[in-house]
Amino acid sequence: MSQFCSSIEPNAIDDEMLEKAIKEQCPEDILQIVRREGINFKDVTELQLSFRNILQIDNLAQFESLTKLQLDNNIIEKIEALESLVHLVWLDLSFNNIEVIEGLDTLVKLQDLSLYNNRISKIENMDTLQELQIFSIGKNNLAALEDVIYLRRFKNLRTLNLMGNPLCDDERYMPFVVGYLPDLVYLDFKLVSDTTREAAVLQCQDHIELLEREEAQALAQLEENQAKQKELEYHKAAFVEDLNGSLLFDSMYADGAEAARLAYLPGAPKCLDSGVTYREEFVSVCKNLFNYGLKEHGKREAEVSGFHESLQEALTANEREGRKLIREFENRNKRRLDEIDKASGADIAESKRAECREDILQLSEALMTLEILTADQLELLVDKDTIVNAVNTSHGICLQKIDKRESDILTNIYQWQASVTEKVFQNEIARNRNRVKEITHYIDTLRKELENTEILEPRE
């Protein structure tokens with residue numbers, strides 16, 4: 001920390017600071033709601049924490065919906081604790097003490113990033129920011145023009161600010177940057193003219209052509225690796241990864257002295273040879289299991305999809321019936337409130353009020369019954385007796401790696417089943433609680449409205 005920063009009392013990002021910042025940026029009409037109902041950090045989309053002497057980024061994990069974050073003009077030394085802000089589009093970290101670009105991997109939606117006036121000496125660790133359009137990193141310690149080449153990977157980058165870095169003093173600065181980043185529209189707050197762009201591209205043409213070939217090769221390799229990884233993830237989802245070849249067989253005899261001793265037994269070389277029966281049959285069994293696993297995975301996906309569709313239909317029907325009950329009640333209630341208002345005597349008004357109370361009670365019971373029926377049906381999902389039994393372990397196979405692989409498959413199946421049912425159940429618990437809260441709030445409002453109805457004096 002610099003001497004200047006050491007003289008400043010650093011602050012931590014605590015709940016008090018966050019609530020104060022949110023209230024400061026709220027319009028007056030929204031502020032009234034915030035004061036009445038409290039602040040839910042998960043609903044906040046913009047947050048301004050400028051000029052608060054913040055030393056360390058922390059306590060922002062709850063802001064799941066945040067799209068804009070201002071942390072400029074603080075004393076922050078490290079980019080960290082932003083992993084959960086996956087919806088962030090705009091991030092301002094200018095005027096801090098940051099030395100290394102890091103901690104941005106999960107911010108894949110980021111379009112506007114400002115690191116202006118920090119202590120950064122290298123452009124790096126930004127590979128995942130493929131949506132980046134505006135990047136300000138002026139007034140840092142960037143000295144090598146070649147660092148600019150890193151920015152070619154951002155195909156949407158149109159605005160760049162490098163002003164105030166040592167590399168700007170290089171006489172090749174303008175043609176180098178524009179030549180290697182020909183899609184730039186603005187550089188250092190100035191519009192890049194077509195003339196400047198054409199001259200720069202022509203000047204760097206030989207180097208750019210070589211670079212483009214290298215980039216094309218790297219892209220092809222990346223796409224191939226991604227395709228393989230995607231295929232592997234699909235196989236893992238089906239619990240059959242690496243069973244479509246001889247990997248399991250080879251791994252069993254690759255390690256240990258016992259496999260080497262088997263080679264000296266009569267007939268063993270023939271059995272273990274890559275071209276004979278035992279190996280081929282073993283691999284064939286693995287491939288059959290692999291194909292069976294993929295087929296069953298397809299069935300499971302279809303079943304889960306069908307279940308979610310049925311679940312949504314049931315919830316929609318529940319909501320439809322609930323709205324119908326409320327609509328019918330409100331029509332009756334409106335008539336009764338009018339009758340209370342026009343009642344010729346206190347006894348008649350009180351009688352009508354009693355009818356309203358009874359109707360409200362019946363509405364509450366009807367809505368709660370609907371909700372309980374839905375919740376009870378879904379609770380069956382977490383009953384262990386209803387989970388599909390998997391194939392029993394231990395088939396008497398003596399080879400440890402085969403037993404381990406079988407155990408891995410069973411474990412993955414159990415984990416998948418538990419994950420699916422637990423997610424559905426937790427979602428239903430949250431939905432159920434919100435629905436009960438809505439019903440309770442609505443019934444309380446009706447009761448308050450009824451109790452606040454004035455009884456007019458009898459007409460003469």
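Everything numeric here is computed off the predicted structure, so don't read it as measured data. Counting begins at 1 with the first residue of the sequence.
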Quick one: does [X]'s side chain have a donor or acceptor within less than 3.5 Å of a partner on [Y]'s backbone?
X	Y	result
Asn117	Ser94	no
Asn140	Gly138	yes
Ser364	Ile360	no
Asn244	Asn288	no

Could you state the interatomic distance from CG (Leu93) to CG (Asp72), rounded to the nearest 0.5 Å?
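Those atoms lie 8.5 Å apart.
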I need the Asp188 CG to Cys168 SG distance, nearest 0.5 Å.
5.5 Å
Using the side chain to side chain donor-acceptor pair (under 3.5 Å) rule, take Asn225 and Gln221 through it: C-alpha gap first, then chi angles, then the decisive distance, then the call.
CA-CA 6 Å; Asn225 293 339; Gln221 184 63 49; 3.1 Å; yes
Student check: side-chain heavy atoms of [X] and [Y] closer than 4.5 Å:
X	Y	value
Glu102	Lys78	yes
Ile98	Ile79	yes
Leu91	Asp112	no
Asn333	Leu446	yes
Lys109	Leu88	no

For the pair Tyr150 and Phe154, name the ring-plane relationship: parallel under 30°, tilted 30 to 60°, perpendicular over 60°.
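Rings of Tyr150 and Phe154: perpendicular, over 60°.
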Contact summary for [X] and [Y], nearest pair of heavy atoms:
X	Y	result
Thr67	Glu46	OG1-CG, 4.5 Å
Gly322	Leu370	N-CD1, 3.7 Å
Thr196	Met174	CG2-CG, 4.2 Å

With ring centroids as reference points, do His297 and Phe239 lie under 6.0 angstrom apart?
no
Ring centroid separation for His235 and Phe290, is it under 6.0 angstrom?
yes
Here's a test for you: under side-chain contact (heavy atoms from CB on, under 4.5 Å), which of Leu187, Val148, Asn165 qualifies with Tyr173?
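Of the listed options, the one satisfying the test is Leu187.
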Please identify which of these residues, Asn118, Asn73, Leu115, meets the side-chain contact (heavy atoms from CB on, under 4.5 Å) condition with Phe95.
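The option that passes is Asn73.
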Can Ser136 and Asn161 be said to form a side chain to side chain donor-acceptor pair (under 3.5 Å), step by step?
CA-CA 5 Å; Ser136 177; Asn161 174 32; 3.2 Å; yes
Are Glu371 and Asn432 close enough, and set up right, to give a side chain to side chain donor-acceptor pair (under 3.5 Å), and what steps lead you there?
CA-CA 7 Å; Glu371 191 58 31; Asn432 174 254; 2.8 Å; yes
I would like to know whether Gln426 and Glu422 meet side chain to side chain donor-acceptor pair (under 3.5 Å); could you show each step before the answer?
CA-CA 6 Å; Gln426 291 301 327; Glu422 179 65 17; 2.5 Å; yes
Ion pair [X]/[Y], N-O distance below 4.0 Å:
X	Y	value
Glu19	Lys23	no
Glu233	Lys230	no
Asp170	Arg172	yes

Could you tell me which residues satisfy ring-ring contact (aromatic ring centres under 6.0 Å, His included) with Tyr292, sequence neighbours excluded, listed by chain and number?
none
Could you check Arg158 against Tyr186 for side-chain contact (heavy atoms from CB on, under 4.5 Å), going step by step and ending with a plain yes or no?
CA-CA 6 Å; Arg158 297 294 180 268; Tyr186 295 96; over 6 Å; no
Are more than 12 heavy atoms, taken from residues, nucleotides or ligands other than Glu171, located less than 6.0 Å from that residue's CD atom?
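Atom CD in Glu171 is not crowded, with 12 or fewer foreign heavy atoms closer than 6.0 Å.
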Between Arg327 and Phe329, is NZ or CZ placed under 6.0 angstrom from the six-membered ring centre and within 45° of the ring axis?
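Checked: cation-pi criterion not met.
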